[in-house]
J.: 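I am attaching a structure below and will ask some questions about it afterwards.
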Amino acid sequence: MPELPEVETVVRGLRRVLPGHAIVGVRLGKTDFIDDPVALAESLPGRRIGGVQRVGKFIDVELDPSEGPAERAVPLHLIVHLGMTGRLVVCPASDPIPLHTHVFFELDDGRELRYADSRRFGRMLVLPDAMIRAFHGKLGEEPLEIPAAEFRKRLAGRHARIKALLLDQHVLRGIGNIYADESLWKARIHPARSAAGLSAQRLDGLWRAIRDVLQGAIRSRGSSISDFVDAAGKPGEYQLRHRVYGREGEACHRCGSRIRRVIVAGRSSHFCPRCQAPPRSGRKGSGKRPGVRALKMKGQHHARRRATRS
DNA sequence: AGCTCTTCCTGAAAGC
DNA sequence: TGCTTTCAGGAAGAGC
């Protein structure tokens with residue numbers, strides 16, 4: 001799943017091979033993940049690629065102005081979100097076309113920038129330069145750029161669960177399920193704890209853990225769980241260093257306890273029950289912890305659904 | 001404000 | 001073995 005480190009890895013790869021080249025044509029397959037496919041296909045050919053940036057989990061490919069009518073005289077940004085299974089790869093146009101490849105940007109040197117996405121949870125749009133500020137404004141801070149004090153301020157007083165806040169792209173941009181779990185493990189914070197219940201020291205620890213985890217993951221060129229590959233088609237290696245994500249039932253690297261998985265904020269959440277103390281439940285002994293839903297057991301809940309609509 | 005549920009989609013894994 | 005069901009998840013929107 002492409003989160004900040006994976007997107008950063010793709011961006012660094014694209015930055016090495018795209019700038020300076022022109023897009024000469026666009027071919028489209030399925031387009032239901034593109035905001036305005038017609039505009040995309042019409043406005044890109046003839047433009048030269050400038051820089052490539054990462055904005056949270058979005059990839060921003062800058063396109064220079066081109067000759068022609070007035071609307072072509074402004075810079076554009078091709079914005080791509082990889083969703084769950086999106087791949088953005090540069091290769092010779094003669095390479096075989098993998099299944100689920102839906103967008104082809106033909107380059108001026110015989111190569112293509114291709115977008116493939118089996119589940120099509122990704123998103124693609126074109127924005128004029130003037131709208132980029134507003135686009136950034138809708139998102140939270142970059143986790144690797146936000147100062148510790150600002151991070152604390154953003155979370156202080158929030159009663160939502162810390163996991164939900166880490167995943168909220170309006171608070172911080174770029175963190176997803178893997179790195180939220182890994183960071184919380186490193187900071188020894190249970191995912192269901194309320195941000196408001198965390199001391200300044202704990203929040204500083206979390207700020208540091210997030211940086212460590214994200215920077216380590218970028219060094220390993222991201223985590224390849226199912227689909228992720230970089231711009232050259234190569235998988236990352238950080239999945240080998242996961243401490244909790246995908247390790248349910250295995251031993252905690254710190255204390256040996258079995259890693260558990262519960263649903264928090266609607267997301268599968270992995271944690272060590274010993275290192276990451278659960279939130280205090282209101283009444284002791286109730287056995288129920290607020291905000292933690294048990295996983296559905298196999299065989300449970302069968303019937304229902306299929307309420308035939310006639 | 002914040003939580004849960006639903007929707008989108010497909011391949012893998014589990015279930016029978 | 002082989003068909004069927006469930007699940008995973010990023011983000012947005014509905015409803016409570």
J.: Quick one: is Tyr245(A) getting a side-chain N or O under 4.0 Å of the dG9(C) phosphate, OP1 or OP2?
T.: yes

J.: At what distance, to the nearest 0.5 angstrom, does CD of Glu6(A) lie from CZ of Arg54(A)?
T.: 10.5 Å

J.: Of all the nucleotides listed (dG2(B), dG10(C), dT10(B)), which has the minimum atom distance to the side chain of Ala160(A)?
T.: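 Out of dG2(B), dG10(C), dT10(B), the nucleotide with an atom closest to Ala160(A)'s side chain is dG2(B).
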
J.: Within a 6.0 Å radius of atom CZ on Arg254(A), are there more than 12 heavy atoms belonging to other residues, nucleotides or ligands?
T.: yes

J.: Can you check whether Arg274(A) reaches Cys252(A) side chain to side chain, under 4.5 Å on heavy atoms?
T.: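 Not in contact.
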
J.: When you measure only distances, ignoring hydrogens and angles, does the side chain of Arg123(A) come within 3.5 Å of the base of dG10(C) through a donor and an acceptor?
T.: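 Result: no qualifying N/O pair found.
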
J.: So is the aromatic ring of Phe121(A) stacked onto the base of dA11(C), judging by whether the centres are under 5.5 Å apart and the planes are under 30° apart?
T.: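 No; by the centre-distance and plane-angle rule, Phe121(A) does not count as stacking on dA11(C).
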
J.: Looking at the side chain of Lys57(A), which of dA11(C), dC8(B), dT4(B) is the nearest nucleotide?
T.: dA11(C)

J.: To the nearest Å, how far apart are Leu155(A) CG and dG2(B) P?
T.: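 From Leu155(A) CG to dG2(B) P: 11 Å.
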
J.: Within the pair Gln169(A) and dG10(C), is there a side-chain N or O less than 4.0 Å away from OP1 or OP2?
T.: no

J.: Examine dT10(B): is either OP1 or OP2 under 4.0 Å from a nitrogen or oxygen in the side chain of Lys30(A)? Give yes or no.
T.: yes

J.: Can you measure Leu172(A) atom CG to dA11(C) atom P for me and round it to whole angstrom units?
T.: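 Nearest whole value for this atom pair: 13 Å.
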
J.: Please determine if a side-chain N or O atom of Arg119(A) lies less than 4.0 Å away from the OP1 or OP2 oxygen of dA8(C).
T.: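 So the side chain of Arg119(A) is outside the cut-off, no N or O lying under 4.0 Å from OP1 or OP2 of dA8(C).
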
J.: So, does Arg120(A) get its side chain near the phosphate of dG9(C), meaning an N or O under 4.0 Å from OP1 or OP2?
T.: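 No.
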
J.: Would you indicate which nucleotide in dG11(B), dA8(C), dG10(C) comes nearest to any side-chain atom of Arg267(A)?
T.: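 Shortest atom-to-atom distance from the side chain points to dG10(C).
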
J.: Does His170(A) put a side-chain nitrogen or oxygen below 4.0 Å from OP1 or OP2 of dA11(C)?
T.: no

J.: Just how far, in rounded Å, is P of dC9(B) from CG of Leu82(A)?
T.: 19 Å

J.: Can you tell me which nucleotide in dA8(C), dT10(B), dG10(C) comes closest to the side chain of Ser118(A)?
T.: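 Between dA8(C), dT10(B), dG10(C), the one nearest the side chain of Ser118(A) would be dT10(B).
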
J.: Which nucleotide sits closest to the side chain of Ala164(A): dC3(B), dA11(C), dG2(B)?
T.: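 Nearest to the side chain of Ala164(A) among the choices is dC3(B).
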
J.: Rounded to whole angstroms, how far apart are CD1 on Ile79(A) and C1' on dA11(C)?
T.: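 Answer to the nearest Å: 16 Å.
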
J.: Taking it one step at a time, do Tyr115(A) and Phe105(A) satisfy ring pair (Phe, Tyr, Trp, His ring centres under 6.0 Å)?
T.: CA-CA 9 Å; Tyr115(A) 180 74; Phe105(A) 301 98; 8.7 Å; no

J.: Donor-acceptor pair, distance only, cut-off 3.5 Å: does the side chain of Ser194(A) make one with the backbone of Ala196(A)?
T.: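 At least one qualifying donor-acceptor pair exists.
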
J.: Can you tell me how far C1' of dC9(B) sits from NE2 of His100(A), to the nearest Å?
T.: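 In whole Å, dC9(B) C1' and His100(A) NE2 are 10 Å from each other.
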
J.: Quick one: is dA11(C) close enough that its OP1 or OP2 comes under 4.0 Å of any side-chain N or O from His81(A)?
T.: yes

J.: From OH of Tyr115(A) over to P of dC9(B), roughly how many Å is that when rounded to an integer?
T.: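 It works out to 14 Å between those atoms.
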
